[in-house]
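The structure appears below as C-alpha cells.
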Protein chains: 2
Amino acid sequence: MPARDTDPPAPRKRADAERNKQALLEAAAAAFVDSGVDAPVRDIAVRAGVGVGTIYRHFPTRADLIVAVYRHQVQSCAQAAPALLASSQTPHHALTAWIDLFVDFLITKHGLAEAMHSDAAAFEPLHAYFLDHLLPAVTLLLDAAVDAGQINPIDPLTLLQGVGNLCIGASANSPYNPRPLAALLIRGLQTTPS
Amino acid sequence: MPARDTDPPAPRKRADAERNKQALLEAAAAAFVDSGVDAPVRDIAVRAGVGVGTIYRHFPTRADLIVAVYRHQVQSCAQAAPALLASSQTPHHALTAWIDLFVDFLITKHGLAEAMHSDAAAFEPLHAYFLDHLLPAVTLLLDAAVDAGQINPIDPLTLLQGVGNLCIGASANSPYNPRPLAALLIRGLQTTPS
DNA sequence: AGACGATACGGAACCTGGTTCCGTTTAGCA
DNA sequence: TGCTAAACGGAACCAGGTTCCGTATCGTCT
C-alpha cells in the first residue's frame with residue numbers, strides 16, 4: 001500500500017525546491033518571532049536567502065505560510081483536549097486548563113490573533129485551518145462540562161472567537177494580560193448552584 | 001466671561017479653513033461608515049472635495065480625525081454611566097446596561113475596536129482620548145457594584161480593554177456577536193452567593 | 001559524460017495607499 | 001485695491017505587497 005492520507009499523488013518535487021521551502025519555513029518562523037506574523041515579505045526572503053517570487057511560489061498567500069509555520073503547535077493544542085479531559089478531576093477543570101493552553105499559544109504568536117479574524121479573503125485558509133482543528137477540541141470539552149452539569153451550553157465557535165479576540169494585542173512584553181479575562185469568561189459560563 | 005473649556009485662546013481661523021474642516025468631518029464620517037476607520041485618505045479627500053494635504057493640515061494623524069468624528073458619541077457614552085447608576089435598580093444592572101451601550105457603540109463603528117489598541121504610535125492619541133473619557137465611567141460603575149457586594153473587584157482598564165477586544169471584527173452584517181460574550185464576562189464578575 | 005526539457009529561481013517592475021513639500025490661491029485687512 | 005499670511009492642491013515620494021518573465025538548475029535519457 002502506498003503512503004496514504006499524507007501525500008496521495010506526490011508528484012515528485014525537485015530537491016532544491018524542497019530545500020527552499022524548508023529554509024522559508026525557518027526564516028518565517030524567525031521573522032514572526034521578531035516582527036509578528038505581518039513581517040515584511042522581503043525580510044523573510046532575505047532571511048531565507050531566496051527571492052520574493054520563491055515565497056509566493058511555495059506559499060501563495062500569507063495565510064498558507066502562517067499555517068505551515070504553526071501547523072504542529074495547532075495540532076498539539078487540539079490533541080491536548082482529550083488528554084486533559086482524561087487526566088483532569090472534572091470536565092470544568094479540563095476546560096479551564098485547555099483555555100489557558102490556547103491563550104498561551106496565542107499570546108506567544110505576536111499578531112496571530114489579529115490575523116485570525118481579519119475578514120480579508122487571503123486569511124480565510126488560516127481561519128479554516130484553525131477552526132477545523134480547534135473547534136472539535138473545544139466542542140469535546142464543552143459537551144463534557146455541560147453533560148456534567150457544570151456549565152451552561154454555549155456555541156463553541158463563539159467561545160473560540162471570543163477567547164481569540166481577548167488575546168489580540170497581548171504579548172510577553174505588553175502589560176495587557178488576557179488570562180484573567182478568559183478565566184472570567186469561563187467563570188461566567190458556570191451553572192449557578194441556584 | 002469668555003468661552004471656556006472648549007477653545008481657550010482661539011487664534012482666529014480663516015473661514016475657508018473652518019469650512020474645510022467641517023466638510024472633512026462629514027466626509028470622514030461617511031467614509032468610515034462605508035469602509036471602516038481605515039478608509040483611504042484619498043477617498044476622504046475627494047468626498048470632501050479637498051486635496052490630501054488639507055486633511056493632514058487639519059488632522060495630522062488618523063487618530064486625530066477619528067477622535068474628532070466620534071468625540072460626541074464617546075462623551076455621551078461616558079455621561080450615560082452616572083445616569084444609569086441613578087436610574088437602575090442595582091449597580092450591577094447599571095454596569096450591565098452600560099457595557100451593552102459600549103458594545104453597541106463599538107460594533108457600529110467598523111474597525112474602531114481594531115484601531116483602539118493598535119500599538120502604532122499614531123494611535124496613541126485615540127487610545128488616550130478613549131481612556132480619559134471612558135475609564136472614569138467604568139470605574140464609577142465598578143466601584144458602586146463592588147461596594148454593593150455584587151461583583152468582585154477588577155481593574156477597570158483591563159475590563160475596558162477586554163470588552164473592546166471582544167468587539168473586534170463585529171459589525172451589523174457579521175455573524176459574530178460579542179454581546180453574549182460581554183455579558184458572560186460580567187456574569188463571571190459576580191460574587192457567588194457562596 | 002553531454003544534452004535537453006521541465007521545474008524553479010530571482011528580482012525588477014508594478015500597484016496601492018500613506019506622507020511630505022512647495023508653488024499657487026485666497027481670505028482678511030488696511 | 002493691494003498686500004501678506006494663511007491655507008490649499010496635488011505631484012512626488014516612500015513602503016510594502018504582488019506579478020511576471022528571462023535565466024539558472026535539476027533530473028533524466030541517450
Side-chain angles (χ1 to χ4, degrees), chain A residues 7 9-28 31-32 34-66 68 110-111 114-115 118-126, chain B residues 7 9-28 31-32 34-66 68 110-111 114-115 118-126:
Chain A
D7 318 53
R12 238 14 201 301
K13 268 207 311 209
R14 256 170 60 168
D16 56 344
E18 186 55 31
R19 249 197 325 276
N20 278 332
K21 186 165 185 173
Q22 235 36 54
L24 273 171
L25 282 176
E26 284 169 36
F32 288 175
D34 289 1
S35 326
V37 296
D38 304 311
V41 189
R42 277 177 256 252
D43 280 10
I44 302 175
V46 296
R47 275 179 196 254
V50 305
V52 286
T54 301
I55 295 191
Y56 285 95
R57 197 164 309 109
H58 289 292
F59 307 100
T61 74
R62 181 172 292 266
D64 295 319
L65 183 53
I66 298 176
H110 204 160
E114 284 86 330
S118 154
D119 50 0
F123 285 99
E124 178 47 31
L126 213 193
Chain B
D7 318 53
R12 239 9 203 304
K13 270 207 310 210
R14 256 170 62 166
D16 56 345
E18 185 56 31
R19 246 195 329 273
N20 279 331
K21 186 165 186 174
Q22 235 37 53
L24 273 171
L25 282 175
E26 285 170 36
F32 288 175
D34 288 1
S35 326
V37 295
D38 304 311
V41 190
R42 277 177 256 251
D43 280 10
I44 302 175
V46 296
R47 275 178 197 255
V50 306
V52 286
T54 301
I55 294 190
Y56 285 94
R57 198 164 308 109
H58 289 292
F59 306 100
T61 74
R62 181 173 291 266
D64 295 318
L65 183 53
I66 298 176
H110 203 160
E114 283 87 330
S118 153
D119 51 359
F123 284 100
E124 179 46 31
L126 211 193

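- What separates OH of A:Y56 from C1' of C:dC15 is a distance of 12 Å, to the nearest Å.
- For B:A17, whose side chain is taken as the heavy atoms from C-beta onward, the closest listed nucleotide among D:dG17, C:dG11, D:dA7 is D:dA7.
- With rounding to the nearest 0.5 angstrom, the CD1 atom of B:I66 is 5.0 Å from the CG atom of B:L126.
- The interatomic distance linking A:N20 (CG) with C:dG11 (P) rounds to 12 Å, in whole Å.
- The side chain of A:P40 approaches D:dG17 more closely than any other nucleotide in the set D:dG17, D:dC26, C:dT19.
- With distances taken from any side-chain atom of B:T54 to the nucleotides C:dA8, D:dC8, C:dG18, the minimum falls on D:dC8.
- An end-to-end axis angle of 20° holds for the helix from C:dA1-D:dT30 to C:dA30-D:dT1, taken from five base pairs per end and rounded to 10°.
- Separating the CG atom of A:D43 from the P atom of D:dA15 is a distance of 13 Å, rounded to the nearest angstrom.
- Computed from coordinates, the A:I44 CD1 to D:dT18 C1' distance equals 14 Å when rounded to whole Å.
- Once rounded to the nearest 0.5 Å, the distance linking NZ of A:K13 with CD of A:E18 reads 4.5 Å.
- Residues A:R62 and A:V37 approach most closely at NH1-O, 2.8 Å, considering heavy atoms.
- Nucleotide D:dC8 holds its C1' atom 12 Å from the CZ atom of B:R19, rounded to whole Å.
- Distance, A:E18 CD to C:dA8 P: 11 Å, rounded to whole Å.
- For A:K13, whose side chain is taken as the heavy atoms from C-beta onward, the closest listed nucleotide among D:dG9, C:dG10, C:dA8 is C:dA8.
- Taking NE2 of B:H110 as the start and CG of B:D38 as the end, the distance is 8.5 Å to the nearest 0.5 Å.
- Note on A:H58: every side-chain N or O is 4.0 Å or more away from OP1 and OP2 of C:dA8.
- Nucleic acid contact for A:A15: sugar-phosphate only, since backbone atoms but no base atoms lie under 4.0 Å from a heavy atom of the residue.
- Between atom CD1 of residue A:I44 and atom CG of residue A:L24 there is a gap of 8.0 Å, rounded to the nearest 0.5 Å.
- Heavy-atom minimum distance, A:F123 versus A:A63: CA-CB, 4.0 Å.
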Report task. Would you check, one step at a time, whether the test side chain to side chain contact (heavy atoms under 4.5 Å, CB included) holds for A:H58 with A:V50? Result -> CA-CA 12 Å; A:H58 289 292; A:V50 305; over 6 Å; no
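- Rounded to an integer number of Å, the gap from CD1 of A:I55 to P of C:dG11 is 13 Å.
- Distances shorter than 4.0 Å separate none of the side-chain N or O atoms of B:R14 from OP1 or OP2 on D:dA5.
- Contact annotation for B:R42: base contact, defined as any heavy-atom pair under 4.0 Å involving a base atom.
- Computed from coordinates, the B:D16 CG to D:dA5 C1' distance equals 12 Å when rounded to whole Å.
- Closest to the side chain of B:R57, out of C:dA8, C:dA27, D:dA7, is D:dA7.
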